[in-house]
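Report on one structure; see the data block that follows.
Computed from a predicted structure; not experimentally measured.
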Amino acid sequence: MRIRVTVAAVSGALALSAFAMPAAHAAGGPSFGADATKLFSAAHSTSGKTAYTAYTAATAADDAPYAMDVTFSNLKIAKAVKVGTSAHVATSVTYTLTHGADVDITAADFFSGAFIYKGSYDNPANFLIGDDPAKCTVASATTASCKANIDIYPGDGDLFNSDAGLWHAGALAIAYNGQDPASSGFDITKVGFADQGALGSTQVQRLSRLTVNAAPEPVKKGKTITVTGKLSRANWEDNEYHGYAGQSVKLQFRKKGTSTYTNVKGIKTSSTGTLKTTTKATVDGYYRFSFAGTSTTPAVNATGDYVDVK
């Protein structure tokens with residue numbers, strides 16, 4: 001779920017006036033991500049800090065949630081998250097939540113969650129969080145083991161193409177302490193909040209596709225085989241796959257009856273991502289193209305195309 005955090009010089013009550021919580025939260029509804037981010041924004045805007053500057057007791061303002069005694073550590077996230085053009089992608093995050101004795105993490109209105117952000121913590125280009133709060137299991141009197149998802153919806157505009165590459169991960173926690181943001185008596189100063197960035201990193205990548213066709217089939221031994229194909233990757237702005245230009249790709253061959261591909265030659269994709277090369281027919285086997293990947297696009301192998309050599 002993508003949330004653009006807008007920080008303005010407004011009171012916490014006004015910044016949170018759009019909340020429709022706690023019933024949705026209690027039911028595990030999709031409002032967690034939006035609500036958590038609104039509170040995140042309110043906490044930082046009222047403290048006079050830019051969004052994503054870690055919220056602490058020193059930065060808390062009078063008209064803001066108080067800074068909870070909560071920290072996060074041991075965060076683990078996949079090395080890469082591969083995102084296509086339309087399908088929802090959920091990537092798992094685990095972390096340890098450590099809290100003071102005055103924080104009741106078992107309360108019905110205590111929530112935690114993980115997020116990832118593109119760019120700097122103080123001025124991120126994008127921010128993604130899960131639809132639902134993390135599931136935290138008490139490990140000791142002051143620690144809990146938490147597991148959360150980051151939910152990504154490329155078909156709904158969660159990502160721009162420029163978002164591909166390195167992202168950083170963080171976590172947050174909220175204690176509403178019986179406060180209902182939808183109520184006229186809502187008191188933001190009684191809501192606890194904590195957040196922490198730079199706990200880990202991942203590569204958010206544009207999903208790749210690679211095709212191959214070897215012809216003619218069958219072919220006489222010693223004759224020329226022409227191998228064509230195309231390397232494409234997801235475009236998050238028009239939700240289509242487009243050719244990936246100027247990329248190094250290897251033509252590989254696997255002899256019939258074996259399991260290992262060997263490199264035949266290297267070529268580069270055209271301006272439209274297409275591939276075309278030739279090789280001599282020797283024995284029966286499978287030809288494929290193989291792309292090693294980049295920081296923005298994952299590695300991919302085409303499905304081998306069998307050629308019968310007469």
Side-chain angles (χ1 to χ4, degrees), residues 78-92 152-167 202-310:
K79 290 182 179 180
V81 182
K82 304 169 186 178
V83 184
T85 59
S86 59
H88 164 232
V89 174
T91 189
S92 177
I152 307 174
Y153 297 89
D156 294 340
D158 277 4
L159 295 165
F160 294 122
N161 292 335
S162 59
D163 288 330
L166 181 67
W167 289 58
T202 187
Q203 299 284 345
V204 178
Q205 297 180 318
R206 297 166 63 179
L207 189 64
S208 53
R209 291 177 174 176
L210 186 55
T211 62
V212 67
N213 181 61
E217 304 171 41
V219 64
K220 290 184 178 181
K221 185 175 181 178
K223 294 297 184 180
T224 298
I225 296 173
T226 300
V227 188
T228 57
K230 185 173 183 178
L231 174 65
S232 57
R233 61 175 178 167
N235 184 312
W236 294 328
E237 293 168 21
D238 66 7
N239 304 118
E240 300 287 345
Y241 281 85
H242 296 280
Y244 195 8
Q247 299 303 305
S248 296
V249 175
K250 292 188 181 299
L251 174 65
Q252 298 181 328
F253 178 73
R254 175 170 67 86
K255 184 179 178 180
K256 179 182 178 181
T258 66
S259 59
T260 303
Y261 277 92
T262 58
N263 293 333
V264 177
K265 63 170 67 175
I267 62 171
K268 284 196 173 185
T269 59
S270 71
S271 60
T272 58
T274 59
L275 294 154
K276 185 176 182 180
T277 190
T278 59
T279 188
K280 295 293 183 181
T282 55
V283 295
D284 295 351
Y286 300 82
Y287 289 92
R288 75 176 186 185
F289 286 120
S290 179
F291 172 60
T294 66
S295 63
T296 63
T297 309
V300 62
N301 293 317
T303 300
D305 187 25
Y306 182 74
V307 174
D308 182 15
V309 178
K310 298 297 187 181

From [atom1] ([X]) to [atom2] ([Y]), nearest 0.5 Å:
{"X": "Arg233", "Y": "Thr296", "atom1": "CZ", "atom2": "OG1", "result": "4.5 Å"}
{"X": "Thr85", "Y": "Arg206", "atom1": "OG1", "atom2": "CZ", "result": "11.5 Å"}
{"X": "Tyr287", "Y": "Phe253", "atom1": "OH", "atom2": "CZ", "result": "4.5 Å"}
{"X": "Phe289", "Y": "Thr269", "atom1": "CZ", "atom2": "OG1", "result": "10.5 Å"}
{"X": "Asn239", "Y": "Leu159", "atom1": "CG", "atom2": "CG", "result": "10.0 Å"}
{"X": "Lys250", "Y": "Ile267", "atom1": "NZ", "atom2": "CD1", "result": "11.0 Å"}

Donor-acceptor contact below 3.5 Å, side chain [X] vs main chain [Y]:
{"X": "Asn235", "Y": "Glu237", "result": "yes"}
{"X": "Trp236", "Y": "Val83", "result": "yes"}
{"X": "Ser208", "Y": "Pro298", "result": "yes"}

Do [X] and [Y] make a side-chain contact, defined as non-hydrogen atoms from C-beta onward lying under 4.5 Å apart?
{"X": "Tyr286", "Y": "Thr303", "result": "no"}
{"X": "Ser232", "Y": "His242", "result": "no"}
{"X": "Lys310", "Y": "Asp308", "result": "yes"}
{"X": "Leu251", "Y": "Leu275", "result": "no"}
{"X": "Gln203", "Y": "Leu166", "result": "yes"}
{"X": "Thr297", "Y": "Gln205", "result": "no"}

For this session: Give a yes or no on this: more than 12 heavy atoms of other residues, nucleotides or ligands lie within 6.0 Å of atom NZ of Lys265.
Result: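 Atom NZ in Lys265 is crowded, with more than 12 foreign heavy atoms closer than 6.0 Å.
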Exercise. Any idea how Tyr244 and Phe291 line up, ring-wise: parallel (<30°), tilted (30 to 60°), or perpendicular (>60°)?
Worked result: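 The rings of Tyr244 and Phe291 stand perpendicular, inter-plane angle above 60°.
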Problem set entry | Criterion side-chain contact (heavy atoms from CB on, under 4.5 Å) on Thr202 and Thr91, from CA distance to verdict | CA-CA 10 Å; Thr202 187; Thr91 189; over 6 Å; no
Between [X] and [Y], what is the shortest heavy-atom contact and its length?
{"X": "Ala234", "Y": "Gly84", "value": "CB-C, 3.8 Å"}
{"X": "Ser271", "Y": "Ala245", "value": "O-CB, 3.6 Å"}
{"X": "Ala299", "Y": "Ala292", "value": "CB-O, 3.3 Å"}

For this session: Answer with yes or no whether the side chains of Thr258 and Thr260 bring together a donor and an acceptor at under 3.5 Å.
Result: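 No - no donor-acceptor pair under 3.5 Å links their side chains.
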Without placing hydrogens or testing angles, list every side-chain donor-acceptor pair under 3.5 Å for residues 209-227, not counting sequence neighbours.
| unit_1 | atom_1 | unit_2 | atom_2 | d |
| --- | --- | --- | --- | --- |
| Thr211 | OG1 | Lys230 | N | 3.0 |
| Thr224 | OG1 | Lys280 | NZ | 3.2 |

